[in-house]
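Counting starts at 1 for both ligands and their atoms, in listed order.
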Amino acid sequence: MYTFKIIRARHFWFLLSAFIATSAFAGEGMWLPFLLKSLNETEMKSMGMKMNAEDIYSVNQGSLKDAVVHFGGFCTAEVISDQGLILTNHHCGYSSIQSHSTLEKNYLKNGFWAPNHEAEIPNPGLFATFIIRIEDVTDQVLEGVKTDMEVKEKQTLIDANLNLIKSTTTKEQWQDVMIKPFFEANQYYMFVTETYNDVRYVGSPPESIGKFGADTDNWVWPRHTGDFSVFRIYAGPDNRPAAYSPDNKPLIPRHFFPISLDGVAEGDFTLVFGFPGKTNEYLPSYAVDQIANVIDPERIEIRNISLGIMDKHMRSEPDARLAYAVKYAGLANSWKKWIGEAQGLKTYHAVQKKKNLELDFIDELQRKKSLCKEYGEILPSMKRLYKEIEPVVKNRTILSEVIGGSNIELFRLTLYADRLVNAFKQNGEDGFQKMATRTLAQLDDFYKDYRKDVDKEIFVALISHLSVTVSPEYLPAYLAKYKSDDLAEKIYSQSIWIFKEKFAESIQKGGASFSSLVNDDMAFQLFEELKEIMDSDLSPAYNVLNDSIQIQQKSYMAALMAVYPDRRFWPDANNTMRFTYGQVEPYTPRDGVEYKTQTYLDGVMEKYKPGDYEFDVDPRLISLYENKDYGQYGENGKMPVCFIASNHTTGGNSGSPAIDAYGNLIGINFDRVWEGTMSDLFYDKSICRNIMVDVRYILFIIDKFAGAGNLIEEMKLVHPKS
Ligand code: ARG
Ligand code: ASP
């Protein structure tokens, strides 16, 4: 909700009615915990929250923030016992679960539950980060910086200031300091953190529960997915972060979430706490237009092709299914989101609404003459710059999707080779050997899940696509010489990297002979040509224009804050700890349709398709359903599964705790509704909803389905409503 102090008469009634309409459910915003007291507490209480700001964020006593961790740097997890037990999404634990799975011991398919601590499985590389405290350090970072300084001079001074703050901040020796720019680098905040590197896999339900509905249901409400997995944080003997050791002990946390068995009702207050990755809420209309009409459509088309081919193989070949599960899920997730985003931006007239906001901004500037001088040129410049950058963006989007290595996997290998050749060029045999060690380790992972026939089919299709969509001046000479299937025939039968042993052997020959070998290789030559186009033509053109856009965007942010001094601004998500609050609310996706807030196990059974890889249901779950054997977790003879609310979330918020008015866990966040996926660019509170798994479903699956009652015993179950 926006609040204005100066309200002009002609806008008064409009604003007043908007205020009344929106004050019942403020939803927009990913707020910073350390500013909660000053910016949000009053509103949160008016929406039903029974806690105080200090219960949520405090540096002096255990508070909710001490039970929320950044999971592996890409998701969120929460502590749910005094023995370091943490809960996150199934899709967040997915690659760990997959890495421990084989066709014989398939934890993705069948699930897994460690019967005791000894059986919990370590995950090298996986970490969990706690936030100890957050401070505004803008003044120190910008100390001595003058507006008329050269960019370079400014940056050197800022870097020196950052180093000074980092080295003088009070912290324990096992803690880290991170300083990040906010509001387009108009402000800087510091985070003191504690990272634990021994995080073990405790359990997860079978995919038929944890990923029920898979990609068909992804980004869609109503939803019936039990998207959760369980891990545990281990600490050294002093309870501090320690590298993995069998002697480590379960972490004793500063706080853990009690779990509510009372469920939610429409209108209930909800708080979601986590690490949202990236939003772009303050872009001008021209940028949003470009995303909806150029960038999203290009990316969608390319992935239509690669995903179609993967899907065909996965449906009929079990080994392709296991090998491509993680890759497919990753590619499909953004692909489907872009489709929803582009559609939502159009349906809900985001560009026009942004334009209206810009008109109001210009109007305000005209009344505030001094600001007009400083900021009056921003929007016209942005308009010109976005027009100029459009063709570059289009070609760059296509090329980077094709050569990035996620669609055509061969290009991941050529990228490894490119890295090795460069290491040799720059640092001789020594440099080559260092890179070789790293690469040889990555090759194991790569080839474990590589299928040459699938990759070749994708290569043919995408190289043909590239030839007809990219402007001729950005096409490699190679493609004029060969048709894509002839090229594929040659490359996929000859190239050294198609076979792991061949590739590994050539690396072992040392830098000089490796370099000459790959330089003669067709796949490498094609990749180098494409990369050269990217590095020498497209990227420089893009960077020049984009740098200018960034400078304008920074001024635009500052201008918005200056022009509307009484509006509460929240900074775009940037992978730092945030909270968002809303209420359990239904929504109307289109005329005549209203979506309810809660789903039940009955819905799982409605969607059940025996043998289908997305909608199969485990016989044990069917029998629990038929006997209504829900234990203490059911509600009026039904088993709740998922619910929605109006919390503003984004990628990275997956696994975030959904918390009730009193600070108890009621669910875990995992997705957003289809109509509202545009919320990263434009939040519309009438249709943007986040989706959570009901915590009672999680407990039911752990206890009644999996029989892992030992875990339930560690938790604290409460009844806040009775
Ligand atoms: N859409 C959710 C998010 O962005 C869930 C993704 C995982 N599920 C899947 N079917 N790929 O991460
Ligand atoms: N599913 C997302 C995640 O993994 C959350 C979202 O984008 O709503 O973080």
Next on the checklist: Check the orientation of Tyr189 and Phe182. Use parallel for under 30°, tilted for 30 to 60°, and perpendicular for over 60°.
Outcome noted: tilted
What protein heavy atom sits nearest [atom], and how far off is it?
{"atom": "atom 7 (C) of ligand 1", "result": "His91 CG, 3.4 Å"}
{"atom": "atom 2 (C) of ligand 1", "result": "Asp671 OD1, 3.2 Å"}
{"atom": "atom 9 (C) of ligand 1", "result": "Asn218 ND2, 3.5 Å"}
{"atom": "atom 3 (C) of ligand 1", "result": "Asn333 ND2, 3.4 Å"}

Checklist entry - Counting from 1, what ligand 1 atoms have a heavy atom of Asp215 closer than 4.0 Å? => result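 Result: 9 (C), 10 (N), 11 (N).
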Checklist entry - Counting from 1, what ligand 1 atoms have a heavy atom of Ala214 closer than 4.0 Å? => result 10 (N)
Next on the checklist: Taking non-hydrogen atoms within less than 4.0 Å of ligand 2, which protein residues qualify?
Outcome noted: His91, Trp219, Thr650, Gly651, Gly652, Asn653, Ser654, Phe670, Asp671, Arg672
Next on the checklist: Has Lys354 got a side-chain atom pairing as donor or acceptor with Leu283's backbone, closer than 3.5 angstrom?
Outcome noted: yes
Next on the checklist: For the backbone of Val326 and the side chain of Gln98, can you confirm whether one donor and one acceptor N or O come within less than 3.5 Å of each other?
Outcome noted: no
Checklist entry - Are any of the heavy atoms in Ala332 under 4.0 Å away from ligand 1? => result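 It does not; every heavy atom stays at 4.0 Å or beyond.
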Item to check | Identified side chain to side chain donor-acceptor pair (under 3.5 Å) partner of Asn669 from the options Asn653, Thr76, Asn690 | outcome: Asn690
Checklist entry - In a check of side chain to side chain contact (heavy atoms under 4.5 Å, CB included) between Val230 and each of Tyr201, Trp113, Phe112, which one passes? => result Trp113
Item to check | With Phe191, the side chain to side chain contact (heavy atoms under 4.5 Å, CB included) member among Asp176, Ile179, Ile132, Ile131 | outcome: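 Answer after filtering Asp176, Ile179, Ile132, Ile131: Ile131.
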Checklist outcome for this item: Separation between CZ (Phe643) and CH2 (Trp221), nearest 0.5 Å, reads 9.0 Å
Checklist entry - Out of Phe615, Tyr697, Tyr608, which residue meets the ring pair (Phe, Tyr, Trp, His ring centres under 6.0 Å) rule with Phe212? => result Phe615
Next on the checklist: Between Asp671 and Arg223 (salt bridge meaning N to carboxylate O under 4.0 Å), is one present in this structure?
Outcome noted: yes
